[in-house]
Amino acid sequence: MISFDYSPAQKFVSNEEVSAIEPFVTTAAKLLESRTGPGHDFLGWLDLPVKYDRAEFRRIKAAAKRIRKQSEVLVVVGIGGSYLGAKAGLEFCQPTPAVPIRSGRKKHFDIVFAGTNLSDDYHNQVLEAIGDRDFSINVISKSGTTTEPAIAFRIFKQKLEEKYGKAGAGQRIYATTDKARGALKTLADREGYETFVVPDDVGGRFSVLTAVGLLPLAAAGIDVDALLRGAADARLAYKKPFAENACYQYAALRNILRNKGKEIEILANYEPRCHYIAEWWKQLYGESEGKDGKGIFPASVGFTADLHSMGQYIQDGRRTIFETVLEIERPQTELLVPKTEDDLDGLNYLAGKSLDFVNKKAAEGTRMAHIDGGVPNLTIRIPEASPYYLGQLFFSLKKPVL
């Protein structure tokens, strides 16, 4: 299971403070689970891992296979919660290579995102990247009238119709939208697009385990059955009492630190594959908590790169911050540091060690330095970067938004 470790924050938070806040967290958790508090109409995500439309899930997987068969590119059109979860899951499980070399000897399937901005240059680059390749569109919008994705959909729908004709284009457009109303639903029904549902009781930033996230991830070849299985296991694990519940402990520590003036939470990671997990998390927490003049400000950094930029501020800047570190315990591959004859850089002592070993030592040293500099540290440990643990991560990061 994904685990939570707040022992690095013990210099800043006492056991007595944790014990004192436990009843409040437990009460908030009961209110959440009972679905009787404010916003209870949008808590469908709590049971999504087990209470989902099985028939639609089968259609999602069938559509994903069809997309991969008919196309080399899937254009996912959406913004905010309509794309961040899919992008985060895709980058976590299948990181984009630093240099995307295409050998031409094998058919490659790519997923690109549009409607996330209003940039001429960005969307022209996406069109150029598609080129003459066959492509399909997954347009995601509850209403169909959000400016950025609505404009992008017009652009890519036009290209699709020019390439395949109106009828042919209709077989390559998949709409994830409201089940009964809205501009996109009206258009999809009129043109015969296959449609998938954004549930009424699931807000956009919580929707990654619906068709919003599942269709793009399945089209990418990611095991969405394992994804939901991981989320289902997390759902059970995070119903346990406070002492055994990583989610509730995380919620408690965030509140204790906030009450001590730590108003900015930095989600840090040491793996580039976690970059969009942080972007998804920032929307989830910022949009959920940033109301009525309240809320912890969510920020993120990617170490070790940002140690050479943001590192100075984190070490010596205003003491209004705390860090939560995403740590992946086991890398998927290994690369060893080579030995050189002259050792001009003085790093031969690391020869034969894996980059992951060096990375984790850097993380250990950074944590110690930041704690000494007055920055509390929390750690979320992920056993490995797999769809199963991705499902756990998605669910476990939602639950502390009490």
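What you are looking at is a predicted structure, and each value in this text was computed from that prediction instead of being measured.
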Exercise for the section: Check the surroundings of atom CZ in R319: do more than 12 heavy atoms from other residues, nucleotides or ligands lie under 6.0 Å from it? Expected result: yes
Exercise for the section: Flag yes if more than 12 heavy atoms outside D120 fall under 6.0 Å of its CG atom; otherwise flag no. Expected result: no
Problem - Parallel, tilted or perpendicular, as decided by the 30° and 60° cut-offs, for the rings of H370 and F303 - result: perpendicular
Exercise for the section: Examine distances only and state if a side-chain atom of R59 and a backbone atom of T195 form a donor-acceptor pair shorter than 3.5 Å. Expected result: yes
Handout entry: Lys/Arg cation over aromatic F322: K262, 6.0 Å, 45° cone
Key = no
Exercise for the section: Answer yes or no: is there a donor N or O on one side and an acceptor on the other, between the side chain of Q283 and the main chain of R205, under 3.5 Å? Expected result: no
Handout entry: Sidechain-backbone polar pair: R172 side chain, S136 backbone, donor-acceptor under 3.5 Å
Key = no
Exercise for the section: For side chain to side chain contact (heavy atoms under 4.5 Å, CB included), just list the numbers for K11 and I371, CA-CA rounded to whole Å, side-chain angles, deciding distance to a tenth of an Å, and then say yes or no. Expected result: CA-CA 8 Å; K11 178 180 176 182; I371 290 171; 3.9 Å; yes
Problem - Atom pair CD1/CG of I21 and L253 - distance to nearest 0.5 Å - result: 8.5 Å
Handout entry: N-O pairing of E329 and K360 below 4.0 Å
Key = no
Exercise for the section: May I ask you to check if K398 and F395 form a cation-pi contact, with NZ or CZ under 6.0 angstrom from the six-membered ring centre and within 45° of the axis? Expected result: no
Handout entry: Heavy atoms of other groups near F242 CZ, more than 12 under 6.0 Å
Key = yes
Practice task
Assess whether atom NZ of K353 is packed by more than 12 heavy atoms of other residues, nucleotides or ligands within 6.0 Å.
Solution key: no
Practice task
Using a 4.5 Å cut-off on heavy atoms from C-beta on, say whether the side chain of V325 contacts that of R367.
Solution key: no
Exercise for the section: Could you tell me whether a side-chain N or O of Q315 sits under 3.5 Å from a main-chain N or O of A369, the two making a donor and an acceptor? Expected result: yes
Problem - Validation row: L217, L227 side chains within 4.5 angstrom (heavy atoms) - result: yes
Handout entry: Validation row: Q332, R273 side chains within 4.5 angstrom (heavy atoms)
Key = yes
Exercise for the section: Report yes or no: does S396 contribute a side-chain atom to a donor-acceptor pair with the main-chain N or O of L393 at less than 3.5 Å? Expected result: yes
Completion exercise
Rounded to the nearest 0.5 angstrom, the CG-OG1 distance for L335 and T333 is 7.5 Å
Problem - Parallel, tilted or perpendicular, as decided by the 30° and 60° cut-offs, for the rings of H123 and F156 - result: tilted
Practice task
Would you mind checking if E17 and K260 are paired as a salt bridge, meaning a charged N to carboxylate O distance below 4.0 Å?
Solution key: yes
Exercise for the section: Could you go through the salt bridge (charged side-chain N to carboxylate O under 4.0 Å, His left out) check for D178 and K142 one step at a time? Expected result: CA-CA 5 Å; D178 191 89; K142 185 80 169 172; 3.2 Å; yes
Exercise for the section: Say whether, by atom type as modelled, one donor and one acceptor occur between the side chain of S71 and the main chain of R68 under 3.5 angstrom. Expected result: no
Handout entry: Derivation of the ring pair (Phe, Tyr, Trp, His ring centres under 6.0 Å) call for Y174 and Y193
Key = CA-CA 6 Å; Y174 303 82; Y193 306 154; 9.1 Å; no
Problem - Reported CD1-to-OH distance for the pair I111 and Y83, which is rounded to 0.5 angstrom - result: 14.0 Å
Practice task
Count the heavy atoms belonging to other residues, nucleotides or ligands that lie under 6.0 Å from CG of D132, then report whether that count exceeds 12.
Solution key: no
Handout entry: K361 atom NZ: more than 12 heavy-atom contacts under 6.0 Å
Key = no
Exercise for the section: Mark yes or no for whether N359, through its side chain, and L355, through its backbone, hold a donor-acceptor pair below 3.5 Å. Expected result: no
Problem - Side-chain ion pair, R133 and D110, N-O less than 4.0 Å - result: yes
Handout entry: Side-chain donor or acceptor of D306 paired with backbone N/O of S309 under 3.5 Å
Key = no
Exercise for the section: Could you tell me the separation between the CD1 atom of I264 and the CZ atom of F297, rounded to the nearest 0.5 Å? Expected result: 7.0 Å
Handout entry: Pair W280 + Y276: ring centers closer than 6.0 Å
Key = no
Problem - Cation-pi check, R235 onto Y238 ring (under 6.0 Å, within 45° of axis) - result: no
Problem - N-O pairing of K69 and D134 below 4.0 Å - result: no
Practice task
Establish, from distance only, whether the side-chain atoms of D5 and S7 form a donor-acceptor pair under 3.5 Å.
Solution key: yes
Handout entry: Derivation of the side chain to side chain donor-acceptor pair (under 3.5 Å) call for Q125 and D121
Key = CA-CA 6 Å; Q125 286 176 336; D121 292 342; over 6 Å; no
Problem - Heavy-atom donor-acceptor pair, E327 side chain to N269 backbone, under 3.5 Å - result: no
Practice task
Could you tell me the separation between the CD1 atom of I67 and the CZ atom of F135, rounded to the nearest 0.5 Å?
Solution key: 12.5 Å
Exercise for the section: Output yes when D225 and R229 qualify as a salt bridge under the 4.0 Å nitrogen-oxygen rule, no when they do not. Expected result: no
Practice task
Check step by step if salt bridge (charged side-chain N to carboxylate O under 4.0 Å, His left out) holds for K166 and E191.
Solution key: CA-CA 9 Å; K166 195 173 183 67; E191 301 296 333; 3.7 Å; yes
Problem - Under-4.0 Å salt bridge between K282 and E279 - result: yes
Handout entry: Flag if over 12 foreign heavy atoms under 6.0 Å of CZ, R318
Key = no
Exercise for the section: Could you give me the CA-CA distance, side-chain angles and deciding distance for V139 and L184, then say whether side chain to side chain contact (heavy atoms under 4.5 Å, CB included) is met? Expected result: CA-CA 9 Å; V139 54; L184 181 55; 3.9 Å; yes
Exercise for the section: List the steps and the verdict of side chain to side chain contact (heavy atoms under 4.5 Å, CB included) for E287 and F206. Expected result: CA-CA 11 Å; E287 196 172 326; F206 292 91; over 6 Å; no
Handout entry: Charged N-O contact under 4.0 Å between R254 and E289
Key = yes
Exercise for the section: Look at atom OH of Y122 and say whether more than 12 heavy atoms of other residues, nucleotides or ligands are closer to it than 6.0 Å. Expected result: yes
Exercise for the section: Evaluate salt bridge (charged side-chain N to carboxylate O under 4.0 Å, His left out) for E91 paired with K87, printing each intermediate quantity in order. Expected result: CA-CA 6 Å; E91 289 294 320; K87 179 68 172 175; 3.5 Å; yes
Problem - Minimum side-chain heavy-atom gap Y6-N377 below 4.5 Å - result: no
Practice task
Check whether any side-chain N or O of R35 sits under 3.5 Å from a backbone N or O of E33 as a donor-acceptor pair, and report yes or no.
Solution key: yes
Problem - Spatial distance of atom CG (L74) from atom CZ (F113) [nearest 0.5 Å] - result: 8.0 Å
Exercise for the section: For the residue pair L84 and T116, establish whether any side-chain heavy-atom pair is separated by less than 4.5 Å. Expected result: no
Practice task
Evaluate the side-chain proximity of V197 to E56: yes if any heavy-atom separation is below 4.5 Å, no if none is.
Solution key: yes
Exercise for the section: Find out whether L127 and K159 are in side-chain contact, i.e. whether some heavy atom of one side chain is under 4.5 Å from a heavy atom of the other. Expected result: yes
Exercise for the section: Taking the side chain as every heavy atom from C-beta outward, state whether Y389 and I328 have any pair of such atoms under 4.5 Å apart. Expected result: no
Problem - Residues H40, L43; criterion side chain to side chain contact (heavy atoms under 4.5 Å, CB included); working and verdict - result: CA-CA 6 Å; H40 64 273; L43 293 178; 4.2 Å; yes
